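Residues take their numbers from the sequence shown, with the count starting at 1. Just so you know, these numbers come straight off a predicted model, no measurement behind them. Because only heavy atoms are used, hydrogens play no part in the values below, and waters and symmetry mates are left out as well, while side chains stay in. Counting starts at 1 for both ligands and their atoms, in listed order.
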Amino acid sequence: MITDSFSSTAAWMQVQAALTKPGVTDIVLALVVLGVVALAADYAHMLYLHYRMPPGPLPWPIVGNTWLLPDNKPWIYFEEVAKQYKTPLITFWIGRNPTVWICDAWAASELLDKRAGIYPSRPRMVVFGELGPGQTNLVSMYYGDRWRVHRKLTHIGVGLQQVRNYRPFQNDESMLVAHNIIKTPELYEKHFERYAASVVSIIGFGRRISDTKDPIISEVLAVMQRAAELNVPGKTFPMLMETFPILAKFPNAIAPWKHGLGGKNSRGGSFYYSLAEEARDNPEQPQSYVKKIFEEAPKYDLRPEEIAALTGNLFGAGSDTSSSTLVTFVLACCAFPEVLPRAWEELDRVVGPDRSPSMDDEHNLPYIKAFVKEVFRWRSVAIIGGQPHAPIQDDEYKGWLIPKGTWVQGNVWAIHHSEKEFPDPDRFYPARYLKEDPQNRPFPNERGYMTFGWGRRVCSGQGLAEQGTFITIARLLWAFNIRKARGPDGKEIPVDIFAYTNGLNMRPEPFKCQFIPRSLEIRATVEREGEEAEQRLSVYDGETKYRLSQWFTKA
Ligand code: HEM
């Protein structure tokens, strides 16, 4: 007894001594205790959200579910998780950040379209946002007055009314695609890239891109494809910074995982600003979007990096997406040749061999329209719907909480791959879009696809992309029998409909194919129209002295 009371008195005196005169060990001990308490409180909060938010795998403290991510194409994994939980949306924790993945068309329509006023913002994005363009670019901007200004200014360039005025040169550029494919069919992918880059370059800078070797194509596409990898959740650097945002705060000199990320003052931005100034100051260059932006700049107090973002977005958002969609179209023709005769029958009946289809034919070409819709659906380029949305207030869906600021991503892969809306979804089957077809199913929007996003953040260039994709697909279907290439043994070389890149904007891995003109008359028409189009487009010929690569060396 006496010994017990003596030892407890001694221990008490030690505690008192430690409190009045703490040593290093005591401080370390106190910090450890504090750390454990903070961690426990943080994890308790994570578990609370785990039970209130849409279902998903149990998160671990700090790392969440990041370790469960596959090395590639996480959208397929999220589709499987949603099937496993039998829910239209799931929660997946990227570190301590719960992200919601919408895997069903009706839920996407309800949340992102019908409740557009609640979901118009972007969440905090460490890699694509804070280490990328941040709040200078419409794509990653939070919802608010500045976003409204940028959206309005973007519409001056590619708003629905405006893009109708671009039809003549877009049509001419598309005629050149068909002509160039006759000359060098093996370069078809390059012809699509040139076409897409040239259309946005004429709109933006009043200058066309006439050569597939123009460095602006290869350089800008390379940057875009790299950027597209930067918003696909991943468990390696640089995306691991979304799991551990503190790593983004380290100075670049001691943080190799940050290398190559642009930042607000990125050299890519300055490159676009120089292109814009060059176009503004060239009296010979026709009226263009940059000239209008410079006129508007004082009214909105636009900074140079904002001007660079607004004009650069035309390339950034509009060239890789449009050309990848056309490569997907070619892959579909090779893999599903049985869908072609019906397209030819319609085109021969409505258009004939002496001219190629025009935009005015659209109403008379229901199967071609369905074909284009199926291209947009079957392998949608923006496979996770571009950037995530974020609610500007807490929301509830089917009893689940979606807190303000949550990263909410439309999983377009899962949405367009659902048996319920698209029976046999990996089959390319345009007729599913025709009302009378037995495979036709209800869909929450009239178009029948969600390729261009939702609500207030829906793609600003949708009108331009849809009209360009229609006219180019219609023309190529009319002109060619597009089919699998043959090997030296004369046998067809198979194509793989799942071989796609891993970016946020995906495109088929390279494959070979043949473009066979459908008749001598059609071939003659393609050549004649191609030469005439080139003549008309010559008003946009011009050079730029800037190269993105020089910029990177210079800075
Ligand atoms: C096939 C071609 C294209 C596809 C599939 C596509 C798809 C998308 C998607 C999915 C989004 C995100 C929408 C959302 O957050 O809900 C987006 C945003 C955007 N797109 Fe496109 N796009 C295409 C072409 C274009 C073109 C040609 C331009 C302009 C020339 C453009 C400009 C933009 C801009 C500026 C945004 C950001 C809008 C905002 O955050 O408010 N896109 N696009």
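- The closest protein non-hydrogen atom to atom 26 (C) of ligand 1 is G318 CA, 3.4 Å.
- Considering backbone and side-chain N/O atoms, R151 comes within less than 3.5 Å of an N/O atom of ligand 1.
- Nearest protein neighbour of atom 29 (C) of ligand 1, counting heavy atoms only, is G461 CA, 3.8 Å.
- With a 4.5 Å cut-off on side-chain heavy atoms, L434 and N440 do not count as touching.
- Both the backbone and the side chain of L138 come within 4.0 Å of ligand 1, counting heavy atoms alone.
- Shortest contact from atom 4 (C) of ligand 1 to any protein heavy atom: F452 CE2, 3.4 Å.
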Side chains of residues 496-509: which donor-acceptor partners sit under 3.5 Å, not counting sequence neighbours?
| unit_1 | atom_1 | unit_2 | atom_2 | d |
| --- | --- | --- | --- | --- |
| D496 | OD1 | F498 | N | 2.8 |
| Y500 | OH | T328 | OG1 | 2.6 |
| T501 | OG1 | R507 | N | 3.0 |
| T501 | OG1 | R507 | O | 3.4 |
| N502 | OD1 | K73 | N | 2.7 |
| N502 | ND2 | N72 | OD1 | 3.1 |
| R507 | NE | S324 | OG | 3.0 |
| R507 | NH1 | E189 | OE2 | 2.7 |
| R507 | NH1 | E193 | OE2 | 2.9 |
| R507 | NH2 | D320 | OD1 | 3.2 |
| R507 | NH2 | S323 | OG | 3.1 |
| R507 | NH2 | S324 | OG | 3.4 |

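- For atom 14 (C) of ligand 1, the choice among R457, R456, Q462 with the nearest heavy atom turns out to be R457.
- Taking a cut-off of under 4.0 Å to the non-hydrogen atoms of Q387, the atoms of ligand 1 that pass are 15 (O).
- Annotation: F205 is in aromatic contact with F315 [ring centroid separation under 6.0 Å].
- The protein non-hydrogen atom at the shortest distance from atom 19 (C) of ligand 1 is C459 CA, 3.8 Å.
- Neither side chain, W75 nor Q409, offers a donor N or O lying under 3.5 Å from an acceptor on the other.
- Polar contact with ligand 1: absent for N313 (N/O pair, distance under 3.5 Å).
- For ligand 1, the polar-atom distance check against T325 finds no nitrogen or oxygen pair separated by under 3.5 Å.
- Every atom of ligand 1 is numbered from 1 in the order shown, and the set under 4.0 Å from a heavy atom of T451 is 5 (C), 7 (C), 10 (C).
- Against a heavy-atom cut-off of under 4.0 Å, V139 is close to the following atoms of ligand 1: 37 (C), 40 (O).
- Ligand 1 has no N or O atom lying under 3.5 Å from any N or O atom of T154, backbone or side chain.
- Checked by distance only, ligand 1 and R122 come closer than 3.5 Å through their nitrogen or oxygen atoms.
- In this structure, the protein non-hydrogen atom closest to atom 30 (C) of ligand 1 is L314 CD2, 3.7 Å.
- Atom 34 (C) of ligand 1 has its closest protein heavy atom at S460 OG, 3.7 Å.
- No side-chain donor-acceptor contact under 3.5 Å links D113 to the backbone of W454.
- Below 4.0 Å from some heavy atom of H389 lie the following atoms of ligand 1, by number and element: 14 (C), 15 (O), 16 (O).
- Using a 4.0 Å cut-off between charged nitrogen and carboxylate oxygen, D211 and R194 do not count as a salt-bridge pair.
- For ligand 1, the atoms lying closer than 4.0 Å to a non-hydrogen atom of W454 are 16 (O).
- For W101 and T99, the side-chain atoms include at least one donor-acceptor pair closer than 3.5 Å.
- In terms of protein heavy atoms, atom 12 (C) of ligand 1 is closest to G385 O, 3.5 Å.
- Taking the charged nitrogens against the carboxylate oxygens, R377 and E374 do have a contact shorter than 4.0 Å, which makes a salt bridge.
- Salt-bridge annotation for R432 and D424: absent, with no side-chain N of the basic residue lying under 4.0 Å from a carboxylate O of the acidic one.
- Atoms of ligand 1 lying under 4.0 Å from any heavy atom of A382, numbered from 1 in the order shown and given with element: 10 (C).
- A donor atom on one side chain and an acceptor atom on the other are not found under 3.5 Å apart for T136 and E305.
- Taking the charged nitrogens against the carboxylate oxygens, D426 and R379 do have a contact shorter than 4.0 Å, which makes a salt bridge.
- Side-chain contact of Y195 with N180: a donor-acceptor pair under 3.5 Å is absent, judged by distance alone.
- The ligand atoms of ligand 1 that sit less than 4.0 angstrom from a heavy atom of V381 are 5 (C).
- Between F336 and F428, the ring planes are tilted. Angles from 30° to 60° get that label.
- Taking the six-membered ring for Trp and thresholds of 30 and 60 degrees, Y188 and F515 have ring planes inclined between 30 and 60 degrees apart.
- If you check which protein heavy atom lies closest to atom 25 (C) of ligand 1, you get A317 O, 3.4 Å.
- Ligand 1 is never approached by E466 to a heavy-atom distance shorter than 4.0 Å.
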